[in-house]
Amino acid sequence: MILSCVNCRQTYPLNTRHWHCQCGGVFELKDGPGFVRDAIRRKEPSLWRYRAMLPLDQDEHIISLGEGFTPLVETDVYGLKVHCKVEFLSPTGSFKDRGTAVLVSVLNSLDIETVVDDSSGNAGASLAAYAARAGMTSEIYVPAGASSSKRAQIAIYGARLITVDGSRQETALAAQKTAAGNAYYASHYYNPFTLQGLKTIAYEIWEQLGERSPDNLVLPVGHGTLLLGAYQGFMDLFEAGLIDQLPRLFAVQALGCAPIYEAHLQGADEVSPLKEGETLAEGIRIPYPVRGRQILTAIRRTGGSVLAVDDEQIARAQRELARRGFYVEFTSAAPVAALQELRNTITADQVTVVPLTGSGFKNP
Ligand SMILES: [Zn+2]
């Protein structure tokens, strides 16, 4: 296994302290393990049931809080039947734990002692928790607008919480400056090991649907890590000959900050940075997703699309979900809001999965 730049294909060793290529491109993992059906540890009720498909040499390095293998629960919303993947039941209340568990396990195998990340809250809380579990020191940079409950969660895990009086982008720059010193930049969007953990959501959906792929996957997209992880997972299943086609990926953004939506409308191959707009959906308030090109490619290869919804639609969708017993944060309600528009695209006989990414307790 090796890290490879998606732009210029230059390679780097797994233990590099570079968090992107010298050309500015992001890394992907090359020659990672593929999907092997017989290697599933069927009695293991966590994402480590796919241990053989994860890029880690020895079991002793695993750092786990029991993440993964979340329920898939059926409901009806806006006249459409959907399977909700209840990711907010993860150890820290969001889907990020899949990526963090694998990332921190790999960093543990590399003897990393201090990790740093920037986050609107969920990724930071997740890293803080897994760093605590691993006995690592963590420093989490959050923008001033991050919700107080997310900040409290980060702090109680023992992380050093730094609030940056600026935008999400300025918060990232502050974390990256720290990472130039001794700390390892455990970025949930730059680091490719995160995607290796997130790919397990596809494996689980495939198993839970009776070893088949859904027709559609509708998900919130900011930095696009869940979308890219799911895409990787379904590609693995496709390459193993276990599914005939990939699910259509529908990326949902908040209208107030929708750079991927804009790029898709224009038919562009790259995402251009936008000015950071306002939205209730703080988790996807990302003006410049660094993996934009990969995200657009994945969406187009699957025959999917990008949608944008406004705050009023998001708030309404949050209430609709709550009336069905699911309490999610605003960001997680965005894909459900988009189902109204997707009623013209999704037919009644199709299987549609919506991950419910973050708990309502995150920002009551
Ligand atoms: Zn490069």
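One is the number of the first residue; the rest follow in order along the sequence.
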Could you tell me whether the side chain of [X] and the main chain of [Y] form a donor-acceptor pair under 3.5 Å?
X: Ser109; Y: Val106; answer: yes
X: Asp215; Y: Val351; answer: yes
X: Arg324; Y: Glu320; answer: yes
X: Ser90; Y: Thr92; answer: no
X: Gln318; Y: Val328; answer: yes
X: Thr16; Y: Pro13; answer: no
X: Ser4; Y: Glu28; answer: no
X: Ser147; Y: Lys150; answer: yes
X: Glu113; Y: Met136; answer: no
X: Thr331; Y: Gly283; answer: yes

Distance in Å, [X] [atom1] paired with [Y] [atom2], rounded so as to fall on 0.5 Å steps:
X: Tyr130; Y: Ser138; atom1: OH; atom2: OG; result: 13.5 Å
X: Leu339; Y: Lys81; atom1: CG; atom2: NZ; result: 14.0 Å
X: Ile63; Y: Leu107; atom1: CD1; atom2: CG; result: 10.0 Å
X: Leu242; Y: Ser213; atom1: CG; atom2: OG; result: 11.0 Å
X: Thr345; Y: Leu80; atom1: OG1; atom2: CG; result: 9.5 Å
X: Phe326; Y: Ser332; atom1: CZ; atom2: OG; result: 12.5 Å

Does [X] reach the side chain of [Y], with side-chain heavy atoms less than 4.5 Å apart?
X: Thr357; Y: Leu226; result: yes
X: Ser94; Y: Lys96; result: yes
X: Val353; Y: Asn216; result: no
X: Asp269; Y: Leu296; result: no
X: Leu307; Y: Val218; result: no
X: Pro273; Y: Pro287; result: no
X: Ser272; Y: Glu262; result: no

Shortest non-hydrogen contact from [X] toward [Y]:
X: Leu195; Y: Thr225; answer: CD2-O, 3.4 Å
X: Gly25; Y: Cys5; answer: CA-SG, 3.8 Å
X: Pro192; Y: Leu29; answer: CB-N, 4.0 Å
X: Val221; Y: Ala251; answer: CG2-CB, 3.5 Å
X: Leu255; Y: Ala308; answer: CD1-CB, 3.4 Å
X: Arg248; Y: Gly303; answer: CD-O, 3.5 Å

Hey, mind stepping through Phe193 and Phe27 against side chain to side chain contact (heavy atoms under 4.5 Å, CB included) and telling me if it holds?
CA-CA 10 Å; Phe193 292 114; Phe27 291 142; over 6 Å; no

Please check if any side-chain donor atom of [X] sits under 3.5 Å from a side-chain acceptor atom of [Y], or the reverse.
X: Ser119; Y: Asp117; result: no
X: Tyr231; Y: Arg301; result: yes
X: Glu87; Y: Thr70; result: yes
X: Lys362; Y: Gln153; result: yes
X: Asn122; Y: Glu329; result: yes

List the steps, then state whether side-chain hydrogen bond (donor to acceptor under 3.5 Å, both in side chains) holds for Tyr50 with Glu207.
CA-CA 11 Å; Tyr50 310 111; Glu207 267 200 83; 2.5 Å; yes

Between [Y] and [X], is the closest basic N to carboxylate O distance under 4.0 Å?
X: Glu341; Y: Arg343; result: no
X: Lys85; Y: Glu204; result: yes
X: Asp310; Y: Arg316; result: no
X: Glu44; Y: Arg51; result: no
X: Glu67; Y: Arg98; result: no
X: Glu211; Y: Arg37; result: yes

Carefully, step by step, assess Phe238 and Trp206 under the rule ring-ring contact (aromatic ring centres under 6.0 Å, His included).
CA-CA 11 Å; Phe238 183 78; Trp206 171 80; over 10 Å; no

Report whether [X] and [Y] are members of the same hydrophobic cluster (ILVMFWY, side-chain heavy atoms less than 4.5 Å apart, transitive linking).
X: Leu219; Y: Ile243; value: yes
X: Leu47; Y: Leu56; value: yes
X: Ile205; Y: Leu237; value: yes
X: Leu3; Y: Val6; value: no
X: Ile154; Y: Leu103; value: yes

Please test Arg168 against Glu282 for salt bridge (charged side-chain N to carboxylate O under 4.0 Å, His left out), starting from the C-alpha separation and ending with a verdict.
CA-CA 10 Å; Arg168 182 70 185 76; Glu282 59 184 356; over 6 Å; no

Can you confirm whether or not the ring centre of Trp19 sits under 6.0 Å from the ring centre of Tyr12?
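Centroid distance Trp19-Tyr12: not below 6.0 Å, so no.
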
With ring-ring contact (aromatic ring centres under 6.0 Å, His included) as the test, pick out the partner of Tyr203 among Trp48, Phe35, Phe234, Phe69.
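So the option named by the test is Phe35.
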
For residues 171-187, tabulate all N or O donor-acceptor pairs below 3.5 Å that involve a side-chain atom, not counting sequence neighbours.
unit_1: Thr171; atom_1: OG1; unit_2: Ser167; atom_2: O; d: 2.7
unit_1: Gln176; atom_1: NE2; unit_2: Tyr185; atom_2: OH; d: 3.2
unit_1: Thr178; atom_1: OG1; unit_2: Tyr141; atom_2: OH; d: 2.4
unit_1: Thr178; atom_1: OG1; unit_2: Ala174; atom_2: O; d: 3.3
unit_1: Tyr184; atom_1: OH; unit_2: Asn191; atom_2: ND2; d: 2.9
unit_1: Tyr185; atom_1: OH; unit_2: Asp118; atom_2: OD1; d: 2.6
unit_1: Tyr185; atom_1: OH; unit_2: Tyr189; atom_2: OH; d: 3.2
unit_1: Ser187; atom_1: OG; unit_2: Tyr189; atom_2: N; d: 3.3
unit_1: Ser187; atom_1: OG; unit_2: Tyr190; atom_2: N; d: 3.0

Would Arg133 and Asp97 satisfy salt bridge (charged side-chain N to carboxylate O under 4.0 Å, His left out), going step by step from the backbone distance to the final call?
CA-CA 12 Å; Arg133 180 80 164 162; Asp97 293 341; over 6 Å; no

